[in-house]
Amino acid sequence: MTTASPSGGPRFRFAPSPTGSFHVGGARTALHNWALARRLGGTFVLRIEDTDEARNRPEWTQGIIDALEWIGISASDDHFEGPHFQSANAEGHVAAAQRLFESGAAYYCDLSGQEVQDRAKELGITGYDGYSRDRGLEAAPGRVLRFRVPEGSTIVHDAVRGDVNFDNDTIEDFVLLRGNGSPMFLLANVVDDIDMAITDVVRAEEHLPNTPKQQMLWQALGATPPRWAHVPVLVNEQRKKLSKRRDKVALESYRDDGILPEAMVNYLMTLGWTPPGAEEAGSEIFSWAAMEEAFDLSDVTLSPAFFDIKKLVAFNKQYIKNMGVEAFVAAVDTDLPAEWDRSRFTAIAPHIMERLERLGDARELVDFLFLEEGADPELDHASWDKATKPEWAPALLRDVTETYASLADADWNHESLKASMESVMANYEVKLGKAQALPRVAVTGRSVGPPLFEAMEVLGQAETVRRLRGAVHRVEVPGTPE
RNA sequence: GCCCCCAUCGUCUAGUGGCCUAGGACACCACCCUUUCAAGGUGGCGGCACGGGUUCGAAUCCCGUUGGGGGUGCCA
């Protein structure tokens with residue numbers, strides 16, 4: 001197994017257990033580890049914690065790698081190492097346990113879970129009381145190996161929270177090997193970290209209570225414990241830890257919703273951390289390069305942060321607006337029907353980019369431009385009723401229609417379309433905002449959408465005029481089916 | 001129950017004893033701009049959980065209370 005970074009830099013690790021989806025909280029700690037590994041010239045080790053065989057599937061691993069790739073943690077980057085699999089080191093885990101037993105740091109116990117509970121109840125305590133500590137039991141089926149927690153106290157030096165002191169009296173002699181001989185997570189985790197020469201463990205705060213146990217294990221195994229860092233958990237609106245059951249936590253689901261990875265990364269990184277000097281910037285939008293350079297564990301906030309989708313979407317909107325037409329068209333491509341004319345879409349793209357919260361919203365905003373020959377857009381009746389209401393509206397519509405119909409080919413562009421509209425509306429003494437309302441509904445079917453003249457330019461004269469004439473007919477002949 | 005962590009606008013945060021009349025961002029509201037909707041501009045609303053100390057001076061330090069969170073498995 002690998003033991004050091006080629007560069008000799010610090011070794012971080014990200015150790016997810018493979019389950020169906022990739023948790024946004026996991027994404028955040030992965031990002032923290034990644035930023036640090038790269039900035040410090042170290043290594044990001046990916047280790048799949050696949051010990052719990054019952055709930056694992058091989059394809060989950062690929063899911064993790066894909067998700068990491070999506071947020072910019074590339075397996076082909078020099079700072080990336082792995083994936084390693086915890087299951088591959090099962091022998092090492094057991095061997096370590098054996099060493100612990102031989103050195104007296106661990107001992108066997110034949111009490112069942114139920115018996116431990118009964119004893120605790122009888123003694124009026126909680127947990128395991130150390131019943132078998134000095135009974136000198138040997139290994140045997142059904143017996144668990146427990147760690148002999150030493151006297152005293154354990155201080156965890158944490159890079160985000162400072163020193164945390166645990167009184168060893170409050171830590172029971174925890175299980176290392178199950179009755180069937182298989183290693184527990186805590187043991188496997190530590191053994192792997194030691195074997196992989198991990199120097200820095202950066203993970204979510206929920207692991208903090210486990211840390212003194214792990215630190216004792218490192219020491220009992222003759223290794224120097226890593227630097228620890230526990231970042232606060234992400235919570236939902238009820239301030240509870242984000243849970244798979246109740247909350248939308250799958251990174252993939254945000255990707256499918258049309259959240260840009262850059263927006264997700266920016267949001268996740270600035271959740272509980274602000275780059276120094278950010279206030280002067282007046283914005284919370286930062287490039288990965290800037291965040292990677294500035295990220296430091298000592299600047300991470302101490303309290304749990306609410307994962308606010310509204311703010312995520314706000315970030316996303318910013319990123320879509322600024323992404324560049326070409327990249328935008330490429331990004332939405334898979335959301336668009338295959339038969340849509342891409343060059344036509346590219347023409348309207350600049351006008352919709354600053355109106356989108358999510359990539360997926362693009363389609364319905366411009367669908368009226370991609371109907372079959374001679375088909376009318378679906379009409380929003382409320383908008384139609386409202387737009388036809390003013391007395392001058394039908395007449396203005398008729399005039400605009402005929403003006404547009406008589407426009408020369410060369411003049412079919414948004415400037416002259418606007419100018420023509422303006423000269424017509426002057427006769428009715430209405431402003432452009434109102435004048436464009438009915439033509440808009442006539443052409444797009446709705447009252448909101450991309451800028452009208454630009455849209456009509458893209459739609460083309462023949463189709464635009466056809467739709468306008470249809471609308472003229474509809475207002476003039478009451479009862480015409482819409 | 002026990003252990004551990006935490007506590008600034010609705011949310012994410014800046015703030016490490018005087019620059020704080022507490023700053024920014026998101027959200028919300030108003031106005032301006034405007035080709036609808038957006039975007040953009042300007043302004044507004046809104047917070048140091050509470051009580052004691054320490055100090056000339058406390059959002060910042062200490063203690064307590066309250067509140068929230070995490071953990072407490074032969075899960076990971």
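Each chain gets a letter, A, B and so on, in the order the sequences are listed, and its residues count up from 1. Only this structure's heavy atoms are used, side chains among them; waters, hydrogens and symmetry mates stay out.
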side-chain hydrogen bond (donor to acceptor under 3.5 Å, both in side chains) partners of [X], counting only residues at least two apart:
X        : value
A/Tyr254 : none
A/Glu378 : none
A/Arg178 : A/Ser182
A/Asp257 : A/Lys248

With a non-hydrogen cut-off below 4.0 angstrom, is [X] in contact with a base, only sugar-phosphate, or nothing?
X        : value
A/Thr301 : sugar-phosphate
A/Thr270 : sugar-phosphate
A/Ala437 : nothing

Distances under 3.5 Å between nitrogen or oxygen atoms of protein and nucleotides 3-6 of chain B:
residue, atom, partner, partner atom, Å
B/C5, O2', A/Arg161, NE, 3.3
B/C5, O2', A/Arg161, NH2, 2.8
B/C5, O2', A/Glu205, OE2, 2.9

Below 4.0 angstrom from OP1 or OP2 of B/G1, is there any side-chain N or O of A/Thr126?
-> no
Between B/A25 and A/Lys311, is there an OP1 or OP2 to side-chain N/O distance shorter than 4.0 Å?
->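 For B/A25, neither OP1 nor OP2 has a side-chain N or O of A/Lys311 closer than 4.0 Å.
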B/A25 base to A/Asp308 side chain: any donor-acceptor pair below 3.5 Å?
->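 Side chain to base: no pair present.
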Assign a letter to each nucleotide of nucleotides 30-40 of chain B from its 5' end: B, base within under 4.0 Å of a protein heavy atom; S, sugar-phosphate only; -, no contact.
-> -----BBBBSS
